[in-house]
Amino acid sequence: MSTGKFYITTPIFYVNDKPHIGHAYTMVIADVLARWHRLKGEDVFFLTGTDEHGEKIEKYAQNAGKSPKEFVDEVVQKFKDAWSKLNISYDYFIRTTDEKHQKIVQRFVSELIKKGKIYKGEYEGWYCFYDETFLTEKELKDGKCPYCNRPVEKIKEESYFFKLSEFQQTLLDLYDKNRSFLSPNFRAQEIINRVKEGLKDLSISRTTVKWAVPFPDDDKHFIYVWLDALLNYLSAIDWPDGDKFKKFWPADVHIIGKEISWFHCVIWPALLIANDIPTPKMVFSHGWWTVNGKKMSKSFGNVVDPIEILSKYKSDELRYFLIREVPIGQDGDFSEASLKNRINGELLSDLGNLVSRVLKLSENSKVEIKGDVLIQPIDVDKIDNLIKEIKLTDALDEIMSFIRRLNKFIDEKEPWKLKGEELGQILYNLLESLRIISILIYPFMPETAQKMADQLGTKITGIYDCKFKPFDGKVSRGEHLFSPVK
Ligand code: MSP
């Protein structure tokens, strides 16, 4: 059994609005990984939370006629409710308005000042309040924000700057030395090319935005929301002296959406290196979901609310769909029709059908469940290696292929025609395979896995237990795992 540690994070989400399916996607990816590593016996710390400061939140609260704190408290609850319905097993939920977090942000900035990495200057340029991003003239697209296509504002104010420009070579060396830092690989070149073009110092304070962490020793300034946000990964584990920091840092993987790679792959490691803190082992950027072919947006009326989906479908069905439908790393399109297809097809006809066939056969037979291993066992090491590279779609595909092989095995062996030892042998192979599947699918579909284990009379133990052994369950058939959806 592995005894390692595994620190995994999601982005902390802006709380200007309730969560949508894109946020749910990030959470499911991280949850699958956290659960897999727990099954390997590792000590896992799974962090998520909310990004609550900044101009955007300030404006949304104002429009809602609420104080920023009142406003964010309400929205945070919506995120927590959604994650509980999706069975997200996070260990800690950080809010950037937490007292502890704010103190750590200030301490981090003070350390950077002591190290001579920050200076005072003046920022003049564009700002997208929606993405909380400073933009140059060159970066604008038709005069608008290249990320969200919204109008940008011109700002000119005194600001503190972080000497990001000093870190170009250090970052290029980091990418070169640690090839998995920029994951998946096919996205790496884009970042490398941009870094090669040169880095500009980064404005890290605002004087006009007050809903933010105060800058240390300067009442006029407030810390830039992205600096505040990135530091959640350290404050949650009590940098610099806490036991958690000592145990869990560096993070094993930051899961993010591709649009925030620059912050995580360039600004974040530079900040850490500047403060002599080791860099995370991997930043994994997943792709984006569109809905019915279009970018999700209120004006198109196509924003998918995970809570609404979960009022019609099981949490496991949505989790399965999100991982299975789109090869991880790529963009994909969400539609209820494809969700239904996955449920009626793979979940119902392949997995549900297999489980109910095997349980029915075993329940009615009085034979002893034992014999030789007749089927080629599933390659658990292969799945583990795929999961190490965050190839979750491929890993799930391996499990589903094994399920289809088992259905074929039943068709070929026709166990309903067999008796005695012969039947006992086939049932042994099928029941042990189902027990192993229940463990392997647990990270993806925890409720279904538990139902399977309950009906088999076995336990979700750990990855170490995914080898054939004498079957020690006690079968009792319960309700079907999945029902057809129209
Ligand atoms: N607050 C920042 C992150 C700070 S992390 C130190 C932020 N928040 S966000 O609310 O905009 O959420 C961004 C994340 O939500 C993305 O990185 C991605 O993980 C997820 N997604 C948002 N829209 C998405 C899609 N349409 N599709 C897939 N995921 C998307 O940025």
Side-chain angles (χ1 to χ4, degrees), residues 8 10-11 13 19-39 44 46 48 79-91 253 255 257 284 286-289 291 304-330 332-352 355 383 386-387 390-400 402-403 437-454 460 480-485:
I8 179 163
T10 71
F13 302 102
H20 59 58
I21 203 75
H23 304 135
Y25 181 53
T26 311
M27 291 303 276
V28 171
I29 294 172
D31 191 57
V32 170
L33 289 164
R35 287 176 187 268
W36 181 267
H37 284 269
R38 287 191 199 111
L39 281 184
V44 170
F46 171 12
T48 191
F79 275 82
K80 288 190 171 170
D81 291 347
W83 304 156
S84 130
K85 289 208 164 67
L86 251 188
N87 275 320
I88 304 296
S89 61
Y90 57 81
D91 295 295
V253 56
I255 300 291
F284 185 91
H286 64 68
W288 263 46
W289 286 89
V291 174
V304 176
D305 176 351
I307 298 275
E308 229 174 277
I309 295 288
L310 292 173
S311 67
K312 292 200 250 171
Y313 305 92
K314 294 188 178 111
S315 139
D316 280 1
E317 293 170 341
L318 178 60
R319 291 170 65 107
Y320 177 82
F321 172 81
L322 290 173
I323 300 295
R324 182 69 187 82
E325 183 73 2
V326 178
I328 194 163
Q330 309 288 342
D333 190 53
F334 185 94
S335 77
E336 234 178 297
S338 7
L339 170 59
K340 286 179 193 169
N341 276 342
R342 293 281 177 198
I343 298 173
N344 290 333
E346 290 149 24
L347 290 182
L348 187 72
S349 316
D350 295 341
L351 176 58
V355 172
I383 296 180
L386 289 169
I387 293 184
I390 328 271
K391 293 188 172 152
L392 300 188
T393 316
D394 294 339
L396 189 53
D397 205 31
E398 282 294 317
I399 304 172
M400 295 313 284
F402 183 55
I403 288 167
I437 290 170
S438 74
I439 300 173
L440 296 176
I441 62 157
Y442 170 80
F444 300 90
M445 295 187 282
E447 285 178 355
T448 306
Q450 193 54 57
K451 272 191 205 159
M452 275 178 75
D454 290 347
I460 308 285
H480 285 289
L481 296 182
F482 301 98
S483 325
V485 289

For the backbone of E308 and the side chain of S311, can you confirm whether one donor and one acceptor N or O come within less than 3.5 Å of each other?
yes
Is there a donor-acceptor pair under 3.5 Å between the side chain of H37 and the backbone N or O of A34?
no
Between the side chain of R342 and the main-chain N/O of F321, is any donor-acceptor distance below 3.5 Å?
no
If I take atom CG from residue L347 and atom CD1 from residue I403, how far apart are they, to the nearest 0.5 angstrom?
8.5 Å
Between the side chain of R324 and the main-chain N/O of E346, is any donor-acceptor distance below 3.5 Å?
no
Nearest heavy atoms of L318 and L339, plus distance in Å
CA-CD1, 4.4 Å
Under 3.5 Å, side chain of R38 to main-chain N/O of P443, donor-acceptor pair present?
no
Minimum heavy-atom distance S438-A449, with the two atoms named
O-CB, 3.2 Å
As an exercise, state the distance from OG of S335 to CG of N341, rounded to the nearest 0.5 Å.
8.0 Å
Check this for me, if you would: do E447 and K314 make a salt bridge, where the nitrogen-to-carboxylate-oxygen distance has to be below 4.0 angstrom?
no
In short, D305 meets P19 closest at the heavy-atom pair OD1-O, 4.2 Å
Are more than 12 heavy atoms from other residues, nucleotides or ligands located less than 6.0 Å from atom NZ of K451?
yes
Euclidean distance, I439 CD1 relative to I399 CD1, rounded to 0.5 Å
11.5 Å
Output all residues satisfying ring-ring contact (aromatic ring centres under 6.0 Å, His included) with Y25, sequence neighbours left out; order by chain, then residue number.
H286, W289
I want to check something: taking the side chain as every heavy atom from C-beta on, are I441 and D316 in contact at a cut-off of under 4.5 Å?
no
L322 vs I29, test: side chain to side chain contact (heavy atoms under 4.5 Å, CB included). Steps then yes/no.
CA-CA 9 Å; L322 290 173; I29 294 172; over 6 Å; no
Considering all heavy atoms of both residues, which atom of A395 and which atom of F444 are nearest to each other, and what is their separation?
CB-CZ, 4.3 Å
Below 30° counts as parallel, above 60° as perpendicular, anything between as tilted: where do the rings of W83 and F79 land?
perpendicular
Counting distance only, does the side-chain N/O of N344 pair as donor-acceptor with the main-chain N or O of P484 below 3.5 Å?
no
What do the steps show when you test V355 against I437 for side chain to side chain contact (heavy atoms under 4.5 Å, CB included), and what is the final call?
CA-CA 10 Å; V355 172; I437 290 170; over 6 Å; no
Indicate the atoms forming the closest heavy-atom contact of I343 with S483, along with that distance.
CG2-O, 4.1 Å
Straight-line distance of I328 CD1 to T393 OG1, nearest 0.5 Å:
5.5 Å
Are a donor atom and an acceptor atom from the side chains of E325 and Y320 found within less than 3.5 Å of each other?
no
When rounded to the nearest 0.5 angstrom, what distance separates NE2 in H23 from OG1 in T26?
7.5 Å
CA sep, side-chain torsions, deciding dist, call: E336, K312, salt bridge (Lys or Arg N to Asp or Glu O under 4.0 Å):
CA-CA 11 Å; E336 234 178 297; K312 292 200 250 171; 2.9 Å; yes
Under a 4.5 Å cut-off applied to non-hydrogen side-chain atoms, are L348 and L481 in contact?
no
Nearest 0.5 Å, what's the CG-NZ distance between L396 and K391?
15.5 Å
Just checking, is any N or O donor in the side chain of Y442 or Q450 under 3.5 Å from an acceptor N or O on the other one?
no
H20 side chain reached by F13 side chain, heavy atoms, under 4.5 Å
no
I8/Y90 under side chain to side chain contact (heavy atoms under 4.5 Å, CB included): CA gap, chis, key distance, verdict:
CA-CA 9 Å; I8 179 163; Y90 57 81; over 6 Å; no
Answer yes or no: is there a donor N or O on one side and an acceptor on the other, between the side chain of T48 and the main chain of T10, under 3.5 Å?
no
Do H480 side-chain atoms and F482 backbone N/O form a donor-acceptor pair below 3.5 Å?
no
Side chains of V44 and R35, heavy atoms from C-beta outward: is any pair under 4.5 Å?
no
Shortest non-hydrogen separation from V485 to K340 and the atoms involved:
CG2-CG, 3.8 Å
Under the 3.5 angstrom rule, does the side chain of D31 hit a backbone N or O of I88 as a donor-acceptor pair?
no
